[in-house]
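Naming: A, B, ... by sequence-line order, numbering from 1 per chain. Keep in mind that the numbers below use all heavy atoms, side chains included, and drop hydrogens, waters and symmetry copies.
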Amino acid sequence: MPTPSLRRRLLLYIFAPLVVVFAISVFLDYRLAKETADAAFDQSLVDAVLDLASHIQTDGMQPAVRLSAEAEAMLRSDPADQIYFAVRDHGGRLLAGDSDLPDTRATTDNQPEFSDRRFRGHWIRAAVQAIRSPHGDISITVAETLAKRNRASGKILTAMILPNALVVIAAFLAVYLGVRKGLAPLEGIEDEIAARSPRDLREIGTIQAPREIRPMITRLNALFGLLRDASAAQQRFITDAAHQLRTPLAGLQAQIELAALAGSFAAEPDRLVRIDEATGRVGHLVDQLLVYARADPSTAVTQTFECVALAALVEKAASIFLDRALAKHIDLGFEIASGFVAGIPWMLREALANLIDNALRYTPPQGVVTVRSGMRGAFAILEVEDNGPGIPRDERERIFERFYRIPGSSSEGCGLGLAIVREIAELHDGHVELAGQNWGGLRVTMLLPAAELAQS
Amino acid sequence: MRILVVEDDSLVASSIKQWLVHAGYTVDLAASAEAAEISLGAEAFDLAVVDIGLPRIDGLTLIRRLRSQGNPLPVLVLSARGSMDDTISGLDIGADDYMAKPFRLPELSARVRALIRRTHLIADACLRHGVLTLDTARRTASIADQTLDLTRREWAILETLLMASPNVVSKDRLMHSLAGWDKDITPNAVEVHISRLRNKLAEGSIEIRTVRGIGYRIDAAAV
């Protein structure tokens, strides 16, 4: 079903009756003009009748028509039409003229009567009038073909239609522009909504809105409000949950370190190391879960975007990850070029941290990990490349699923890292690419729409 | 050195206290912002460790109040909000450093040490790193009381690296720190100075580590 357009409906409902009104008006005008023209032509027929009447002589025994050949030629002469006539006495006897002209009798005295009929294969217009005489009424009929009249009505019609068509076009333009201008505020609101990002839940201004659609916008704004509240509540919940989860974990972690310091597990030092590792993993999982929950598009709507310099982000990451790389004898290096995006700083930091964390986790000792920032086409990129085992081609899509781990890989990761990276990339209208050789190695690239640098 | 730990979770608070006492500090505990203000009013401290998620008055408000009273006490913030909170990591609330929970105790004491060192640099103008001491007032450097012979450029690079430690310093920043003497210093020149510095620092087991693509970080064997 096509979407009903208010503008199209308005145009249809205004313009259709207008066209009907114009059609009726043209028809009436035409009728009036044609009648006037016909009356003039009819009058000339009557003139011919009276002219014939003057040639009737009633002083003899029988009425007679004394019509010279010249006079008859004059009567019949017409540049366009054939003229027929017949003069008949009271009994219907032809006194002069065309005998086959139908014998019609006027019903009234001294008044011409007109009729249209077929004669000799053409339509004719006939005038008939009865003339009083001592020998009874004499009927005079004069008729002509319709060439003149048809030509005249043709001219009248063209003369009528042309100006009327102009009026119709002018009216259509006026109506079209009027409807457009009248509906302009609607389009303004439509544009405003269309230009919004899905994250933008601000209220729509009602000041510019026409009274008719204000109730609709108010409802829409109420809905936006509900979504904002839900998102804010979600954010609060995550913050509270973070606090409630992390504080006891901090206590636990500290106790383990104190136990190690005091030599409490001297008999089984391995056990303490394992407890420590497990605690570290729980801590990491809590962090990842909270980041994943907070980067969820429905939760992230209330977060503010700002201009983020990727080069600075990567430079900071160097200080954070250097010790881990050194401990594993991994050559952690950087290729930093400038790139800016409109983004949520903590999320981009988190995404980059996940990429580097993954690389350091899965690259064996003596490996090489390189972190890059810069531009690729219209995208600003964050990229981490390693020479670790890589990801088999058929696993490359599944690896982005939550909690998915490649079968047979070591168990230390929690399986949320790349899911978080992808979620954050998509929240920034970007995407993630994986590349690698069959023999191994992995390059993960986050491509984010580059910000235009208004402020340099 | 006396440290005030403001933390309402008793397990975390007692662990921190035990660790820092073991590291040689005197430690007082406060379980709320109100208790902390009373302690700070009564005693002199060298540093405060403040948890953000305190009951009633939160840690941020406490720090803001301290700063509005003109108290310059160095503050290390503990946050359970992790990396998500940009206001904390931006340190624009008047805190000097921050750590996310859960944290490693050795890292906590390293940060405490660094903060106190930075404060004392203002007092006695000395930067210390392992056996290396840099006297910023006299512009002298020594390893285990043996004076090091440094050029002014080497000295400037060493100062920049020590001030930033344990963070990585970009080559760009080192070039800026030398711009006072050389207008058009090249990255190669920086490398030359670094390599000379490495030779001079070798006997103190102090290492200037190259971070591929960025710059350098100064490392020392644990004290």
Heavy-atom neighbours of A:Lys316 NZ exceed 12 at 6.0 Å:
no
Flag side-chain contact, heavy atom, 4.5 Å: A:Glu315 against B:Val168:
no
Less than 4.5 Å to any heavy atom of chain B: does that hold for the side chain of A:Leu261, its backbone, both, or neither?
side chain
What verdict does the side-chain contact (heavy atoms from CB on, under 4.5 Å) test give for B:Arg104 and A:Asp276, after you've listed the backbone C-alpha separation in whole Å, the side-chain angles of each residue and the deciding distance to 0.1 Å?
CA-CA 11 Å; B:Arg104 298 265 168 189; A:Asp276 187 54; 3.0 Å; yes
If you tally heavy-atom pairs under 4.5 Å against chain A, which of B:Ser10, B:Ser14, B:Gly53 wins?
B:Gly53
Give a yes or no on whether A:Arg402 atom CZ has more than 12 heavy-atom contacts from other residues, nucleotides or ligands under 6.0 Å away.
no
Among the listed options A:Val286, A:Thr279, A:Leu326, the residue most often paired with chain B at heavy-atom distances under 4.5 Å
A:Leu326
Counting C-beta onward and ignoring hydrogens, is there a side-chain heavy-atom pair between B:Arg212 and A:Thr370 closer than 4.5 Å?
yes
Taking 4.0 angstrom as the limit, do A:Asp323 and B:Arg209 come out as a salt bridge?
no
Which answer fits A:Val282, side chain, backbone, both or neither, if we ask what part of it has an atom under 4.5 Å from a heavy atom of chain B?
neither
Can you see which heavy atom on B:Leu105 is nearest to which on A:Ala254, and at what distance?
CD1-O, 3.5 Å
Okay, A:Gln253 and chain B: the region with an atom under 4.5 Å from a heavy atom over there is side chain
Nearest heavy-atom approach of B:Ala80 to A:Thr247 is CB-OG1, 4.2 Å
Could you tell me which of A:Leu322, A:Leu249, A:Ile336, A:Ile320 has the largest number of non-hydrogen atom pairs under 4.5 Å with chain B?
A:Leu322
Please classify the contact between A:Leu252 and chain B as side chain, backbone, both or neither, with a heavy-atom cut-off of under 4.5 Å.
backbone
Do B:Val12 and A:Arg246 have side-chain heavy atoms sitting under 4.5 Å apart?
no
What are the two closest non-hydrogen atoms of B:Ser15 and A:Gln255, and how far apart are they?
OG-NE2, 2.8 Å
State, yes or no, whether a side-chain contact exists between B:Pro106 and A:Glu257 at a heavy-atom distance under 4.5 Å.
yes
